[in-house]
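Here the structure is laid out as structure tokens; the discussion comes afterwards.
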Protein chains: 2
Amino acid sequence: MSTISAQSVADRAFAPRAAVGLRAEAGFEDRLTQAPLRRIEAKELLFAEGDAASHLYRIETGAIALYTVLNDGRRQIMGFAYPGDLLGLGIKREHDMNAQAIKPTRVRCLSAASLRQAAAKDPALALKLYEALAAELAATRDLLITTGQRSALERVAGFLLAFSRRNDRNGLDPEAFELPMTRTDIGDLLGLTIETVSRTLTKLRSLRVIELPRCHEVRVRNLDALERMAEGAGQEASHASQAI
Amino acid sequence: MSTISAQSVADRAFAPRAAVGLRAEAGFEDRLTQAPLRRIEAKELLFAEGDAASHLYRIETGAIALYTVLNDGRRQIMGFAYPGDLLGLGIKREHDMNAQAIKPTRVRCLSAASLRQAAAKDPALALKLYEALAAELAATRDLLITTGQRSALERVAGFLLAFSRRNDRNGLDPEAFELPMTRTDIGDLLGLTIETVSRTLTKLRSLRVIELPRCHEVRVRNLDALERMAEGAGQEASHASQAI
DNA sequence: CGCCATATTGAATCGATTCAAGAAACGTGG
DNA sequence: CCACGTTTCTTGAATCGATTCAATATGGCG
């Protein structure tokens with residue numbers, strides 16, 4: 001559910017994929033370390049809808065929200081990008097979304113034109129970009145399942161769980177993390193109002209599943225319960241997985 | 001909203017993209033016309049979740065639903081694929097979705113392994129695959145906005161509008177089309193129940209926006225109104241697009 | 001310290017769902 | 001070709017989960 005995150009999808013990916021990635025890694029990583037670094041303040045836009053899609057970005061530190069806005073102001077966040085994630089993978093000449101930092105952020109900027117040229121000559125690089133795009137698609141599909149099918153409790157539980165799992169992958173504490181975004185951001189990601197997000201967090205707290213020392217700080221008290229709630233163990237006797 | 005459809009996204013794409021596509025078109029099209037044709041009955045699966053992702057498919061005739069099923073049976077349709085659309089664009093070794101024909105369908109089958117090899121040597125082909133994947137991502141994002149932000153009326157109106165526009169692109173009547181899928185399918189795409197889909201269609205009919213000669217046959221009576229409803233002109237005085 | 005953003009909580013409402021009953025459409029076999 | 005059974009669709013009534021509106025509370029920051 002953390003979306004956009006190539007890492008978050010790695011969970012479900014297969015070993016050979018990583019192996020292929022390694023060959024390309026060298027050249028691509030070189031390219032990135034040489035790429036200019038850009039600093040963005042919280043709330044500043046990295047790019048906006050309609051801007052020329054001149055660069056591919058990689059988040060170094062911080063976090064960025066990707067979103068579109070409907071003509072009446074409703075906003076759908078497509079995902080949050082965290083360190084290591086790539087932004088701007090499309091093939092369009094202009095961005096069709098807004099990318100806004102939700103905290104001070106640093107990104108590496110690669111020229112889209114030269115990257116495209118390089119990819120035409122280097123199949124390993126091309127494959128790497130293809131994989132990154134496929135990962136973004138997988139993350140978007142995850143979120144689609146969430147907004148299309150899940151209850152508020154499942155959405156919020158799943159959202160929190162994604163932080164726990166990301167921490168786990170990164171060797172950090174899977175039972176304590178910070179929410180860098182506002183309740184409004186969470187709501188606009190999950191298709192809920194800010195009030196519902198707040199109420200649902202309160203409910204998880206009163207169920208002793210999480211603690212909220214501060215409103216942007218989460219401590220997981222019962223990871224199993226959180227996982228069950230994300231899967232829809234709201235109240236009903238859990239339907240046997242594949243039983244008839 | 002018709003999702004997955006490379007065509008449906010072409011609307012929003014830019015001229016140079018098509019130009020680039022043309023060069024690759026020749027080789028790719030050759031490859032496809034030589035590829036074996038497979039016939040699938042209605043309700044038959046082209047592939048299922050967990051199957052080896054051995055092939056890339058292109059729909060020749062018919063229609064296919066792409067979906068995932070949650071452990072408790074809820075189903076999210078990610079999109080419908082129509083003639084010309086590509087299926088199986090991922091990089092994973094196994095499919096992470098089900099592809100089920102919703103009417104008798106014919107598909108061309110390309111070996112994923114050989115295609116991958118060819119793409120490594122032919123940047124134009126690689127770009128074509130990349131574009132197709134980007135189109136699928138764009139379509140999925142559209143659907144995410146729909147399920148995340150829109151009301152039942154907006155969802156159904158937008159869904160119908162996609163058929164109208166597809167017909168328009170194909171030189172067919174934009175005011176008459178057939179719905180190849182069931183109400184259940186529509187509901188599982190849009191994140192609504194079958195009853196809500198039915199009621200909403202009835203509402204559009206009683207508002208004289210559409211006619212339903214048969215339940216799988218739609219005639220648009222007021223395209224403007226349908227477009228307005230898809231954009232959220234439910235009842236409120238439509239907010240000026242970009243006004244402050 | 002005090003202010004403005006953000007977050008929480010409550011009460012009333014509303015849109016969509018659920019449960020339930022028919023109606024229509026479809027396919028199949030007589 | 002019609003009758004039948006089955007599936008799909010429609011419609012109604014009651015319910016429920018999430019939203020809306022409104023009133024505090026909290027907290028980050030100048």
Side-chain angles (χ1 to χ4, degrees), chain A residues 41-43 65 72-75 100 102-104 146-157 159-160 178-207 210-218 229 232 234-236, chain B residues 41-43 65 72-76 102-104 146-157 159-160 178-207 210-218 229 232 234-236:
Chain A
E41 296 307 314
K43 302 191 179 172
D72 62 355
R74 283 175 288 179
R75 184 176 71 140
Q100 184 177 35
I102 55 178
K103 57 153 101 172
T146 293
T147 61
Q149 302 296 332
R150 297 201 225 262
S151 69
L153 186 63
E154 291 170 293
R155 294 184 205 200
V156 174
F159 176 74
L160 295 179
E178 190 212 347
L179 299 175
M181 68 288 291
T182 66
R183 300 289 188 263
T184 301
D185 289 334
I186 299 174
D188 287 349
L189 179 83
L190 299 177
L192 299 171
T193 60
I194 172 176
E195 295 95 331
T196 301
V197 172
S198 183
R199 273 187 253 274
T200 306
L201 286 169
T202 301
K203 184 174 181 180
L204 285 170
R205 195 189 51 193
S206 58
L207 288 172
I210 60 168
E211 284 173 51
L212 286 166
R214 291 187 228 148
C215 64
H216 288 271
E217 208 175 302
V218 177
M229 293 184 155
Q235 46 224 39
E236 67 282 358
Chain B
E41 297 306 315
K43 302 190 180 174
D72 61 355
R74 283 175 289 179
R75 183 177 73 140
Q76 177 67 48
I102 56 178
K103 56 154 101 173
T146 293
T147 61
Q149 302 296 332
R150 297 201 225 262
S151 69
L153 186 63
E154 293 170 292
R155 294 184 206 200
V156 173
F159 176 74
L160 295 179
E178 190 212 348
L179 299 175
M181 68 289 292
T182 66
R183 300 287 188 263
T184 302
D185 289 335
I186 300 175
D188 287 349
L189 178 83
L190 300 177
L192 299 171
T193 60
I194 173 176
E195 294 96 331
T196 300
V197 172
S198 181
R199 274 187 251 274
T200 306
L201 286 170
T202 301
K203 184 174 182 180
L204 285 170
R205 196 189 51 193
S206 58
L207 288 172
I210 61 168
E211 284 172 53
L212 287 166
R214 289 187 230 147
C215 64
H216 288 272
E217 207 175 305
V218 178
M229 292 182 156
Q235 47 222 39
E236 66 282 357

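In what follows, chains are A, B, ... by sequence order, proteins preceding strands, each numbered from 1. Heavy atoms only: backbone and side chains are in, while hydrogens, waters and symmetry mates are out.
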| task | Let me know, please, whether R199(A) or C215(A) comes out on the 5' side of the other along DNA chain C by nearest nucleotide. | result | C215(A)

| note | Between R205(B) and V197(A), whichever has its closest DNA chain D nucleotide further toward 5' is R205(B)

Can you tell me how far [atom2] of [N] sits from [atom1] of [X], to the nearest Å?
{"X": "I194(B)", "N": "dT7(D)", "atom1": "CD1", "atom2": "C1'", "answer": "10 Å"}
{"X": "L179(B)", "N": "dT8(D)", "atom1": "CG", "atom2": "P", "answer": "16 Å"}
{"X": "E217(A)", "N": "dG27(D)", "atom1": "CD", "atom2": "C1'", "answer": "13 Å"}
{"X": "R155(B)", "N": "dT17(C)", "atom1": "CZ", "atom2": "C1'", "answer": "12 Å"}
{"X": "L204(B)", "N": "dT10(D)", "atom1": "CG", "atom2": "P", "answer": "12 Å"}
{"X": "D188(B)", "N": "dT17(C)", "atom1": "CG", "atom2": "C1'", "answer": "14 Å"}
{"X": "L201(A)", "N": "dT8(C)", "atom1": "CG", "atom2": "P", "answer": "6 Å"}
{"X": "R150(A)", "N": "dT17(C)", "atom1": "CZ", "atom2": "P", "answer": "17 Å"}

| message | If I take atom CZ from residue F159(B) and atom OG1 from residue T146(B), how far apart are they, to the nearest 0.5 angstrom? | response |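 The CZ atom of F159(B) sits 11.0 Å away from the OG1 atom of T146(B).
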
| request: Based on the glycosidic angle (syn within 90° of 0, else anti), state the conformation of dA5(C). | output: syn

Under 4.0 angstrom between [X] side-chain N/O and [N] OP1 or OP2:
{"X": "T202(A)", "N": "dT8(C)", "result": "no"}
{"X": "T184(A)", "N": "dT6(C)", "result": "no"}
{"X": "K203(B)", "N": "dA16(C)", "result": "no"}
{"X": "R183(B)", "N": "dA24(C)", "result": "no"}
{"X": "T193(B)", "N": "dT17(C)", "result": "yes"}
{"X": "S198(A)", "N": "dT8(C)", "result": "yes"}
{"X": "H216(B)", "N": "dC9(D)", "result": "yes"}

Look at all strands and tell whether [X] reaches a base, only sugar-phosphate, or nothing, counting heavy atoms closer than 4.0 Å.
{"X": "G187(A)", "value": "nothing"}
{"X": "T182(A)", "value": "sugar-phosphate"}
{"X": "L192(B)", "value": "sugar-phosphate"}

| So which nucleotide does dA5(C) pair with, by the Watson-Crick or G-U wobble rule with both distances under 3.5 Å? |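 Pair assignment: dA5(C) / none.
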
Given [options], the nucleotide with the shortest approach to the side chain of [X]:
{"X": "L212(B)", "options": "dT10(D), dC19(C), dA5(C)", "answer": "dT10(D)"}
{"X": "E195(A)", "options": "dT19(D), dT11(D), dT20(D)", "answer": "dT20(D)"}
{"X": "K43(B)", "options": "dA16(C), dT8(D), dG28(D)", "answer": "dT8(D)"}

| task | Decide yes or no for L153(B) and L204(B): does some side-chain heavy atom of the first lie under 4.5 Å from some side-chain heavy atom of the second? | result | yes

What are the two closest non-hydrogen atoms of [X] and [Y], and how far apart are they?
{"X": "R74(B)", "Y": "S151(A)", "answer": "NH1-N, 4.4 Å"}
{"X": "T147(A)", "Y": "R155(A)", "answer": "O-NH2, 3.3 Å"}
{"X": "I210(A)", "Y": "L201(A)", "answer": "CD1-O, 3.9 Å"}
{"X": "I102(B)", "Y": "M181(B)", "answer": "CD1-CB, 3.8 Å"}

